[in-house]
Colleague: 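Let me begin by handing over the structure; questions about it come next.
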Amino acid sequence: MTQFTQTLLAGVDSSDAENWQLKNYARRSGYSAIRKILSNKISPDSVIEEVKKSALRGRGGAGFPTGLKWSFMPKQYEGDKYIVCNSDEGEPGTFKDRDIMRHNPHILIEGMIIAAYAMGVKVGYNYIHGEIWDTYERMEEAVEEARAAGYLGNNILGSNFSFNLYNHHGYGAYICGEETALLESIEGKKGQPRFKPPFPANYGLYGKPTTINNTETFASVPWIILNGGEQYLKLGKPNNGGTKLFSVSGHVNKPGNYEIPMGTPFATLLEMAGGMRGGKKLKACIPGGSSMPVLPGEIMMQTDMDYDSIAKAGSMLGSGAVIIMDETTCMVKALERLSYFYFEESCGQCTPCREGTGWLYRIVNRIEHGKGLMEDLDLLDNIADNIQGRTICALGDAAAMPVRAMIQHFRNEFIYHIEHKKCMV
């Protein structure tokens, strides 16, 4: 189930096999935004200011203001500069970016062209997750269409602006979704995060200034340029401009991608997804992908879907992957599966993450299988505390936060497992 509205995929019929093509994108005002910029000779600074007005925040997880990030690109730098699209969608529960690339790839291409113009960049890369080959092929076809039509290459639309875009197929490692590990991967190296500082804006791809944004972030830009940053802001709420794609999965009747205005109540999103499967009760929800803290159902039902509201509730919006769990879910078993994922995906560069993620998994595994001890609960919290904030990248945090939140909100289930050697549900 995919419901497209508002800005990102408006007018897109996902059942139409040819809807992604340039001719159909053009019918939906495709490439009108870059035409507007070039024909009216809108300055790069003005483009960045419009993005700032929109309050567009990074849709990959961090939620950093996009316009502000673009302004970090050094203007007077005379050498090569790059933009990179992070399409390495590997977060469990997240499947929005691949739908943009499958059903409306040209909106991403146009967004990257506009970003390149705003930051004075001539070359960009789209790093695509290694396990979605068909999406990579779709993007390759779309890039060739755009190049043939004069939207990519030298002197775009007769202007003095030139920009070339290349798709880069990833290797399937979750860690390559971390922006500096992604850069290492593009350079042909092992995908491991870099120390920061220096930050990519100063020392990025091939040691040159680089700006990295998520697929959905770039894809939001054409609408902003065509309709104005203030109009985009009005679609959402202050500090949370526009719309957002949420990937809803788990125990719902209609799992899929739903585009809604930022600040929409979670209860409305749940209703759009057909409500709880089998009429069961909502027990818990992870609102932003598997790395975010879980929230009990009663808290989620009172929460709005935007960065600030989710943070106030005790979690993070993250990538927008909404994982729904009903009353039949064993939270110990759920945590066991999540902990195993992060144990398997740790790159091994940092000792706290390399050793700690395996330690977390083994303890949760023994609790799930009736061999846990009561002191394991404090031990889990202590290990998570010694991982979080002590690694080069955020994968350590991603492993630690679900553990701490599960024990905080569902401690009774862990105690029951330890005392009765079986699930509570």
Side-chain angles (χ1 to χ4, degrees), residues 1-36 59-60 83-90 94-116 124-153 156-157 163-170 213-227 242-248 254-260 319-320:
M1 172 65 189
T2 304
Q3 182 161 325
F4 300 146
T5 58
Q6 305 293 333
T7 64
L8 291 167
L9 293 158
V12 173
D13 179 2
S14 59
S15 64
D16 184 347
E18 297 183 352
N19 203 268
W20 64 272
Q21 293 178 342
L22 175 58
K23 62 182 180 182
N24 292 307
Y25 181 61
R27 294 191 190 114
R28 302 190 298 272
S29 301
Y31 292 107
S32 295
I34 187 60
R35 286 183 177 277
K36 174 182 177 181
R59 301 300 199 229
I83 59 169
V84 175
C85 179
N86 187 345
S87 295
D88 190 74
E89 190 172 43
T94 312
F95 44 88
K96 62 183 179 66
D97 293 340
R98 65 199 65 188
D99 262 9
I100 293 173
M101 291 186 288
R102 284 165 53 204
H103 301 302
N104 204 14
H106 285 283
I107 200 171
L108 168 58
I109 296 170
E110 185 176 12
M112 292 189 71
I113 295 169
I114 294 168
Y125 292 90
N126 180 23
Y127 188 96
I128 302 171
H129 189 63
E131 293 164 340
I132 48 174
W133 178 257
D134 59 331
T135 305
Y136 169 78
E137 291 183 318
R138 173 62 53 82
M139 282 303 306
E140 283 283 83
E141 292 180 75
V143 164
E144 287 306 314
E145 279 194 318
R147 185 174 289 115
Y151 295 114
L152 291 172
I156 294 172
L157 300 176
F163 174 66
N164 282 293
L165 175 61
Y166 305 97
N167 294 303
H168 186 98
H169 190 250
N213 281 123
N214 169 257
T215 314
E216 185 181 354
T217 310
F218 279 126
S220 301
V221 171
W223 197 98
I224 292 169
I225 298 303
L226 275 181
N227 299 278
T243 65
K244 169 111 186 67
L245 280 169
F246 289 94
S247 304
V248 184
K254 296 189 292 183
N257 285 318
Y258 295 86
E259 186 181 357
I260 57 175
S319 61

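Computed over heavy atoms, backbone and side chain alike; hydrogens, waters and symmetry mates excluded.
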Colleague: Under 3.5 Å, side chain of S247 to main-chain N/O of F95, donor-acceptor pair present?
Modeller: yes

Colleague: Taking only residues two or more places apart in sequence or in another chain, which ones pass ring-ring contact (aromatic ring centres under 6.0 Å, His included) with Y136?
Modeller: W133, H169

Colleague: For A26, what residues pass the side chain to side chain contact (heavy atoms under 4.5 Å, CB included) criterion, not counting sequence neighbours?
Modeller: none

Colleague: Roughly how far apart are N104 CG and D99 CG, rounded to 0.5 Å?
Modeller: 10.5 Å

Colleague: What residues, two or more places apart in sequence or in another chain, satisfy side chain to side chain contact (heavy atoms under 4.5 Å, CB included) together with S319?
Modeller: E91, T94, A321

Colleague: What distance separates C85 SG from E216 CD, expressed to the nearest 0.5 Å?
Modeller: 11.0 Å

Colleague: Does N214 have any side-chain hydrogen bond (donor to acceptor under 3.5 Å, both in side chains) partners at least two apart in sequence or in another chain, and if so, which?
Modeller: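 With neighbours one apart ignored, the set is K96, D97.
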
Colleague: I need the L22 CG to Y31 OH distance, nearest 0.5 Å.
Modeller: 6.0 Å

Colleague: Run the side-chain hydrogen bond (donor to acceptor under 3.5 Å, both in side chains) test against Y125 and tell me which residues pass, sequence neighbours left out.
Modeller: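 For Y125 there are no side-chain hydrogen bond (donor to acceptor under 3.5 Å, both in side chains) partners, ignoring immediate neighbours.
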
Colleague: Just how far is it from atom CG of L165 to atom CG of N126, taken to the nearest 0.5 Å?
Modeller: 6.5 Å

Colleague: Decide yes or no for L245 and I100: does some side-chain heavy atom of the first lie under 4.5 Å from some side-chain heavy atom of the second?
Modeller: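 Sidechains of I100 and L245: in contact.
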
Colleague: Does anything in residues 135-145 form a salt bridge (charged side-chain N to carboxylate O under 4.0 Å, His left out)? List the pairs, not counting sequence neighbours.
Modeller: E144-R147

Colleague: Could you check whether any side-chain N or O of E110 sits under 3.5 Å from a backbone N or O of I34, counting only pairs where one atom can act as donor and the other as acceptor?
Modeller: yes

Colleague: Verify whether one side chain among N257 and R98 offers a donor that lies under 3.5 Å from an acceptor in the other.
Modeller: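 Checked: N257/R98 side chains show no N/O donor-acceptor pair below 3.5 Å.
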
